[in-house]
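Counting convention: from 1, in listed order, for ligands and their atoms alike.
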Amino acid sequence: MDMKTGKKGYLHGIPISVKENYYLEGYDCTGGMSIYLDDCVTEENTLIKILKKQGAIPFVRTNIPQSMMTYECSNPIYGQTKNPHDVTRGPGGSSGGEAALIAAKGSILGFGTDIGGSIRIPSHFCGVYGLKPTVGRISKKNMLPFQSGQTLVQAAAGPLASDMGGLVAVMKSLLVPAMFEQDPTCPPIEFRNEIFESKRPLRIGYFLDNGYITPVPACQRAVSLATEVLQTRGHTIVKFDPPDMYACFELFLLSTFGDGGESFIEALKDDLVDPALKLAHMGLILPRWLNLFLGWVLSKFGRDKMMYILSKSMRGPGSVGKYWKIAERNEAYKKQMLRRWRANKLDVLICPGFAFPAVRSGNVFNVMGGVTYTVLFNLLNYPTGSMPVTKVTCEDEANMADYPSKTAYEKAMKKDNVGSTGLPVNIQCAAQPYQEELVLRVMAELEQGLKAQN
Ligand SMILES: CCCCCCCC/C=C\CCCCCCCC(=O)NCC(=O)O
């Protein structure tokens with residue numbers, strides 16, 4: 001579209017769905033927390049303004065988990081969203097309403113946010129396409145302000161769609177001068193078609209297992225399938241070792257719970273706490289020593305030190321000085337990853353969309369460690385896409401017989417996977433910050449390659 005003359009835009013006449021935490025004039029914006037109810041916003045989200053200029057028509061708002069810091073998509077205000085592929089399972093979260101609606105063919109294009117996987121987890125659970133851009137590449141102005149003071153690991157706004165064309169059209173419509181004028185904090189980098197359309201052969205890294213939770217067979221097979229397809233298109237495939245995932249998860253939590261959970265406790269103090277959050281909420285309100293002790297007991301009992309990391313880190317680093325040290329460790333982690341990336345001369349990295357397919361409703365907290373697959377790219381602030389590649393087969397389910405069941409997480413995952421045949425399975429594709437066009441290029445090639453195969 002010509003933004004000066006007002007001629008038809010990239011999204012002319014396209015209906016779009018919007019996650020509940022985006023400001024839409026005249027609506028309240030709650031994140032599933034009643035403290036924000038009945039407080040209509042008077043401003044419009046910047047992305048929505050640009051999308052409207054490009055001809056898009058917002059037509060529905062979609063559900064989220066209470067507080068948006070989990071992937072169980074339910075809250076006491078709007079209730080629970082179910083997965084259209086299997087209604088006993090959830091759609092993931094926190095952009096779960098978006099992904100469910102797109103998978104059910106109620107929308108072709110929607111908008112979510114992602115601080116730990118909130119665009120990519122639901123994309124994977126529902127078999128739709130999603131892109132978490134680099135934080136800052138597109139505007140985040142006028143969103144629910146909950147926890148906006150936390151700046152170490154920030155949420156990114158991004159699209160979900162029923163195909164690659166949708167993700168590309170959105171990025172082309174948003175990366176325009178009108179957005180940089182509305183929000184001067186976004187670097188004025190317009191959509192770089194020359195990167196998206198380049199035919200240069202790439203070096204593509206991949207990993208099947210992050211060294212903490214082994215993905216179920218279907219999620220590993222999806223990565224192998226994707227790398228095979230990309231190899232036949234002339235790209236070089238390189239095995240890659242991801243950095244320490246325990247450190248990653250600890251740093252992520254110490255950053256996002258830097259206030260020791262105070263903002264959650266404050267926001268939920270007069271609210272009904274959603275059943276999916278009860279345990280986490282209890283961990284935040286118990287005396288610190290008791291929470292630590294219980295975390296230690298649970299980790300011994302479950303033979304998984306992640307439970308201890310979770311209980312310890314959700315109570316925050318404890319002081320501003322210690323918080324600054326976390327910021328330093330985050331930077332060191334990013335440097336370490338960059339060194340590995342450069343040593344392998346990577347262009348992009350492919351890995352499982354998640355450790356397992358859609359989880360049964362009510363079971364999310366028992367398998368929370370799966371988020372290590374998505375949180376990694378938030379801590380690194382790498383643009384990352386998620387796209388469907390395959391579905392769980394009977395053979396995949398039968399192969400679960402050889403899946404480890406040493407830890408409580410592994411046992412819970414094994415149990416949850418019974419009956420998963422037919423569920424969608426995505427892969428993730430990540431690149432260095434601000435390389436959204438490269439991520440989209442690889443995903444579009446993969447989509448084409450997969451279509452040619454079928
Ligand atoms: C009382 C509330 C406490 C909530 C804590 C829940 C358990 C925390 C454990 C792990 C945290 C990782 C969760 C990541 C899920 C993705 C959420 C996300 O990206 N949200 C951001 C957004 O929607 O913008």
key: ring pair (Phe, Tyr, Trp, His ring centres under 6.0 Å) contacts in which one or both residues fall within residues 403-441, not counting sequence neighbours   = none

Check each N or O atom of ligand 1 against all protein N or O atoms and list the pairs under 3.5 Å, with atom names and distances to 0.1 Å, one per line.
unit_1: ligand 1; atom_1: 19 (O); unit_2: I115; atom_2: N; d: 2.8
unit_1: ligand 1; atom_1: 19 (O); unit_2: G116; atom_2: N; d: 2.7
unit_1: ligand 1; atom_1: 19 (O); unit_2: G117; atom_2: N; d: 3.4
unit_1: ligand 1; atom_1: 19 (O); unit_2: S118; atom_2: N; d: 3.1
unit_1: ligand 1; atom_1: 19 (O); unit_2: S118; atom_2: OG; d: 2.7
unit_1: ligand 1; atom_1: 20 (N); unit_2: M68; atom_2: O; d: 2.7
unit_1: ligand 1; atom_1: 20 (N); unit_2: S118; atom_2: OG; d: 2.8
unit_1: ligand 1; atom_1: 23 (O); unit_2: K19; atom_2: NZ; d: 2.8
unit_1: ligand 1; atom_1: 23 (O); unit_2: S94; atom_2: OG; d: 2.2
unit_1: ligand 1; atom_1: 23 (O); unit_2: T113; atom_2: OG1; d: 3.4
unit_1: ligand 1; atom_1: 23 (O); unit_2: S118; atom_2: OG; d: 3.0
unit_1: ligand 1; atom_1: 24 (O); unit_2: T113; atom_2: OG1; d: 2.8

task = Measure the acute angle between the ring planes of F354 and H124, then classify it against the limits of 30° and 60° as parallel, tilted or perpendicular.
result = tilted

remark   = salt bridge (Lys or Arg N to Asp or Glu O under 4.0 Å) filter on D274, not counting sequence neighbours, yields none

message = Could you check whether E190 pairs with K172 (Lys NZ or Arg NE/NH1/NH2 to Asp/Glu carboxylate O, under 4.0 Å)?
response = no

query = Any Lys/Arg nitrogen of D183 or K140 sitting under 4.0 Å from an Asp/Glu carboxylate oxygen of the other?
reply = no

message = Once salt bridge (Lys or Arg N to Asp or Glu O under 4.0 Å) is applied, do any residues pair with K334, and if so which ones, sequence neighbours excluded?
response = E331

